[in-house]
Structure formats: C-alpha cells, structure tokens
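All remarks here apply to the structure that follows.
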Amino acid sequence: MAKAIAIAPDSWIPGGEPDPLIRERHGHVGRPVSRIDGPLKVSGKAPFAAEFPMEGMIYAALSYSTIAKGRISSLDTADAEAAPGVVLVMTFRNAPRMQPPPLFLSGAKAAGGDKLPVMQDDRIHWNGQPVALVLAETQEQADHAKSLIRVGYEVEHADIAFAAARDRGTDTAEFMGQPLHDEIGDAEKALQDAAFKTDATYTTPRHNHNPIELHGLTVAWQGDTLRMHDAQQLVAHTAWSMAQVFGLDEKQVVVTSPFVGGGFGSKSMWQHHILAAAGAKLAGRPVRIVLSREGVFRLVGGRSPTEQRVALGADQSGKLTALIHTGVTVKTPHNAMPEPFILPTRSAYAAANVLLDVQKVELDMLGNTFMRAPGEAVGTFALECAMDELAEKLGMDPIELRVRNEPEKDPISGLPFSSRHIVEAYRAGAERFGWSRRNPKPRSVSDGEWLIGMGCATGTYPYYRMPGGAARITLTSEGKAIVDIAVHEMGMGTSTVQTQVTADRLGLPMDAITFNYGDSTLPGVIMAGGSQQTAAIGASVIAAHNALIEELLRLAGNDSPLAGLKAKDVGSRNGGLCKLDEPERHETYQSLLARAQRDKVTVETQPPQPLETMHWSMHSHSAMYCEVKVNKVTGEPRVTRFLGSFDCGRILNPKTATSQFRGGIIMGLGLALMEETQFDERKGRVMNPSLAEYHVPVHMDVPEIDVIWTDIPDPHAPMGAHGIGEIGITGTGAAVANAIYNATGKRVRDLPITLDKLL
C-alpha cells in the first residue's frame, strides 16, 4: 500500500491541492493573538483535574512496592483500616475483578501505559508498583493511614542491570509496528575506506516526567456511567480503554480534561486511573487522587537510557560516504516503547552508505513511555555531536558540513520532501547569532575565569497526522459557529490557535467562534502527542467545513446568489459564502439559514486517512545555536545565549509558537546539563524521586532565548503548518555539548554534562 501511495499522482493524496488558508489570509491566522483562556488561568478560574468538587468526595493515597520482582507474602492493613477518617483500604484481596488495560499502540484507541492486570493478584513486576489504595475523608488522613500498611515480600531475581542484560544478548527493537533498522550499501566498509572518519559512543540516562501539574483525577460512578475529570492528553482513548477494563460500553465512560498543566507524553492512562475508579466503585463515593511528586516517579514512565554508536565517514570535500547510527536501549516485557533514537538520522543527511539499528533489552522496571521528542531528543545529541567532531577533523565549519550533506530526497524512503528549508534556517540563524565571530579553536576565548564557546546543531522531527480525526461544526442563525472536537489544551494554546484558524476558515470574527474540546463525548479520537494534534484538527475542520458548504448550498435554493454553484467554486468570506472568482455573489450565513427557516445547521465528518505521510517525506526542522561559559576553576557550565532558527511551515500564531519553541529549548537545556534519573541497579528503585534531587532548569539556569523561523508554508500540510511542540528540544543537547567543547576542548559524550565531567 505504501509503495502504491508513494507513486500515486499528487492530486489523489490529501494535501495534493494546497489548503486555501495558505493563500487566503483573512486576518486571524499569523497574528500574535493572546491566549483566550489566559484570563481564566491567571485568575485561578480554570478548572484543572483535581479541582472539580463533588459531593461526598473522598481522597486517595497509594502505597508502593519496594522490590523489583516477586510476590506479596504478607499484607497487614488492620492499623490503616482503623486509622481516623479511613473509608476503605483496597488491595488485591478485595479489588473488583478487572481486565488488563489495553496497551498503548496495541489498538486504535488503546491508552494503557502497561498491559499488566491492576491489583488482581499478589505479583510484583517493578519497584514502585501500587500494592494498596487508601481512601479517607481528607488527604492527610489517607497519607497517614498509608504509612501504617505493612507488606512482606518473597523476592525473586529481577533483571534490572542494563549492562548485564545487554551482554546477555539483545533483540531488534520496533517502534509503531516497524523494526528500527535501515541499511543501504555497506556502511562499515565505506567507513573503513573513508578519508576522514569519526567513531564514538554516546550515552544518555533515564529521564522522568515532571509536569507542573501532578497527575490528578476526580472520578465518580453516576449510575452505570463512569465520569472522570482527568489530566489527560488522550481523552477518547482513555474512555475506550477504561471501558475495556471495567467491561463497559465506551459511551458509559466520560472523560473530560479542559486544562492540562503539562503533559509531554506522560498524561496518558496509568494504573492510578484504574485504581481510583475501582476504589470509587467499592466505596460508592467520588474519589480524588493526585499522585505525589514521588508517585509520578514510581508510577508514570519516562525516557529510557541509551548507548549509541555514531560513526561517520567523509571524502575530502566533506560529503558523507558512511553514516552508522546503532545502539541499545531499554524497555519492559509489559510495554511497547523502546527509545527510537535513530529516527532523526533517517532524514537528516545524504550518505551513500547507511546503517541504522536499535537493539533492545528488557528489564523488570516501570514501563517507559513517550517523552517530548522520543528518539529525536537523544538521537540528535549523538548524531549532531558526531557531525561536530567530523567537521573538526575536516577543518570545516560545522554549518558548511551540514549544508554540503543536504539530501535532495529522503535518504531512506526515497520520497520527495514536501517542504525543506533548513539551509535558509541555518543561514538566517548564523547571521542573527553572530556565528562568524566564533573562534573554531577550542579553549581560545575567555572572560576572566570563564571560558567561552559556541556550538550549533540540527534538529528534525517528523510531521504526523494520525487516523481518528473528526469534527462537528454547528452554524447558528445568529451567524456564530461552534466547533466540537475531542482534543486537548495542555498549555500550548490549542483553543486560541484553532479559534483563529476556524474564524479564517469560515470567514467569521474570532468572537463568533466557540471551540469545544477536552471531552471524550465529542467527535474524534485524537491525541495531543507526536506534534500532530494541530494537523489532525486542521484536517478535521477542513473536512467539516467542506461538508458545511455542501449543506448550505443545498439549503440555498434558487433565490440565492449562490444558486447553481458547486462546492468547489465557493469559499467563506465576510460572514457567509461567495463565488471564489466573483466575490460579489455573496450571501451571509444568517440570510441562508433564514431562507431555509433553520435555527442552525450541523455537520460532522472525518478527514481522509493521512496518506500524505506515505507520499512525501514531511518534517519540522531547526538550526540551534548556543553560547556557553565554563568556569576554569569549578567546571561549572552556564548557557549564556541560545537561538533557535526553525523551519516548520507556516506559523499560525507567533506568540504561542514562540512559547512552544522556547519551552522545548528549555527542556533541552535540562537534558543537556542536569536531568538524570538515578536508578539503583541492585533494587530497581529510582533514588531521586523529587525535584530536590532530580534537577530541571529554573529561571537562573535559562538565558535569553531568541527564536526565529522561515514561515514558508508546506503546500501539502493542513494550513501549511508542521508541528512545533517537539522540535525545540531536538538538537538542543548537541548544540550545548558542541559549545562546551569549543569553550573547553573537552568532548563529553555522556549526558548530562555536569561540572565533574569538565574539571
């Protein structure tokens, strides 16, 4: 099927005809509009998951296992049950019978972070697995009672040491159903024969999710309906998956998530969802559960560690003759998410011979999951540091090396690029950052006791548009429009940008648009992940808008200026419809509905399948520039300037986009300099499960971050836009590492780059 789609005519493919919004600008798209939900948030009126009041609500606390593998041999809950305010203590002994959660990626609507049965037996699968749920009248009472539970274990051998598991043997990893392996030519021989070469190992640690809003849920059984107010980036998936666990029709589960205080891949469905719903069922009362910061480390997956080999060979001109990117990562037997670190290398550079491969080992630990730019964030660290090392051996400017290896088509698939302007982004970024002032000789620029250096790196992230999109548009006789779609607002400005887009699409002012989202009862099965939500919404609203035009033309009748026109000849302008090449043939929505004697008209439809991703190679791109200072005495690294130059198609809202780009870069600074989950390979326990010990960037760590972009629309993407949520973190780690090398002359190939590695 993919081969047939690749050679099909462009006109047969979604995006073959450019989205009209690319050429027709009505004044909303492209403006730096402030978030329409901003006043709610700054006034404290935006309801988050743990802020929904319910009558008779009780509060939950979880007790976690302290062994990596085995079984519960003794369990004493008597003191907890007798503690003040306790309503219920639930363990495997009294939990209702439930099915295992459907594992994310195992089905179209599956959302589970793992596929293990939840509190159904005495088995322990990882250190931190919930073993008891306490429900009490107050959170303090629940937390106290949890401390009174006594658990004994029969310990079994657990595979928890990465190196030992690797040495026993590895298997080829898969990502989204496809093997993480690509091979063109004989890369090892080409490397051996290359005039210039570099061959090194790069390692990245485990990372844990730390969104500002903890994972919270308010849940109640209302008759046979399970209602969940959740911190969620998969409302429709979670509703279906929870229905499978409890043997319900999916319409009996309603998941709402109006606001999410950060997700980054972590806010899918985890065991606390199932436990809270089961506890509410047993107790017959609504339950609120909010994971503690430690609880997030124990129960919610993160990014798994990697060992990556990148070997590059080049001829005298700097053209790559060999590109090898291989290595090993970790997953568990009960999840489907290895860290796919070769993904950026697939499209980054042209090379005659390529070998890409990800091997996996399985450990008895918490199932890892998606974390902002899974694969790309750590894969670009290795690849782009290697490109910097090769540039030095060639005596070539690192930017020039990258430009010389720009591919004309996708190096692996052979597909044409739908849009690729990374060279323009590099040139503009270099000029703005002052790259020409960089001294290529390491350790040659200083300011007192501080060494100063500059580095650059490329970032790339795929364009995705996943199946499952749908939208409903209701047009009222007052000339207002309501859009219903089950998508998510995680702080990136979804509701604002989509109101802008819909207003332009319908030819209405923004205040005439109501955009409803964050509710599993709305149309669509769309996740906020993979930087694909905007494309999924855009394609869905395009389809619904086309259906709306068809319906309005049907209602228009012979007396309308639009009589006899076909939908393809008509567009939305000035609060109504008009003939595209005769704009004076216009009629307002209000007039159309009045003639038809209708109060409103509603259409709901699905977009075509995302075949464009099999017809073109589609990506967001970035050129990252970093300046650092490193203290000669203490080894302390400080990022003093950073610039991201982006090629992501059309920028729909410069204000919200800038925030997204900067947020990704800040997360990349954390990846480069401080983030590291410390994992005890004797007990399988995370040893730093708090923000006191797991360090993330704070204001004093973050310099002024400059952001620019090409703003060149992709003619084959909805609205001409690519995703921007994850491109900011890709390339950032390498840009920092390369700047530190330029400052100090020390190559650090093991993240994070802490001062002890620079002394």
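A donor and an acceptor atom, one from each side chain of T329 and E339, are nowhere located under 3.5 Å apart. A donor atom on one side chain and an acceptor atom on the other are found under 3.5 Å apart for D357 and Q359.
Of the possible polar contacts, one joining the T730 side chain to the I727 backbone as a donor-acceptor pair under 3.5 Å is found. Checking side-chain atoms of E726 against main-chain N and O of G664 turns up no donor-acceptor pair under 3.5 Å. Distance alone, capped at 3.5 Å, is enough to place a donor-acceptor pair between the T332 side chain and the H334 backbone.
A cation-pi arrangement is found for R206 relative to F679, the charged atom lying closer than 6.0 Å to the ring centre and inside a 45° cone about the ring normal.
In this structure, Q99 places its CD atom where only 12 or fewer heavy-atom neighbours from other residues, nucleotides or ligands lie under 6.0 Å away.
One finds a salt bridge joining E294 and R298 here, because a Lys/Arg side-chain nitrogen approaches an Asp/Glu carboxylate oxygen to under 4.0 Å. Between K267 and E213, at least one side-chain nitrogen of the basic residue sits less than 4.0 Å from a carboxylate oxygen of the acidic one, meeting the salt-bridge criterion. Ionic pairing of E154 and R123 is not present here: no N-O contact between side-chain nitrogen and carboxylate oxygen is shorter than 4.0 angstrom. For R309 and E188, the salt-bridge test passes: some basic side-chain N is under 4.0 Å from an acidic carboxylate O. Between K331 and E362 there is a salt bridge, since at least one side-chain N of the basic residue sits less than 4.0 Å from a carboxylate O of the acidic one. Under the 4.0 Å criterion applied to side-chain N and carboxylate O atoms, K69 and D159 are not assigned as salt-bridge partners. Note on R685 versus D680: no salt bridge recorded, every NZ/NE/NH1/NH2 to OD/OE distance being 4.0 Å or above.
Aromatic rings from H209 and F297 are positioned such that their centres are separated by 6.0 Å or more. When ring centroids are compared, F264 and F370 stay outside the 6.0 Å threshold.
Classified by interplanar angle (parallel below 30°, tilted 30° to 60°, perpendicular above 60°), the ring pair Y461/Y464 is perpendicular.
Under the side chain to side chain contact (heavy atoms under 4.5 Å, CB included) rule, P637 has a single partner from V628, V736, L451, I740, which is I740. Among E392, M624, R747, the one residue that satisfies the side chain to side chain contact (heavy atoms under 4.5 Å, CB included) test with N738 is R747.
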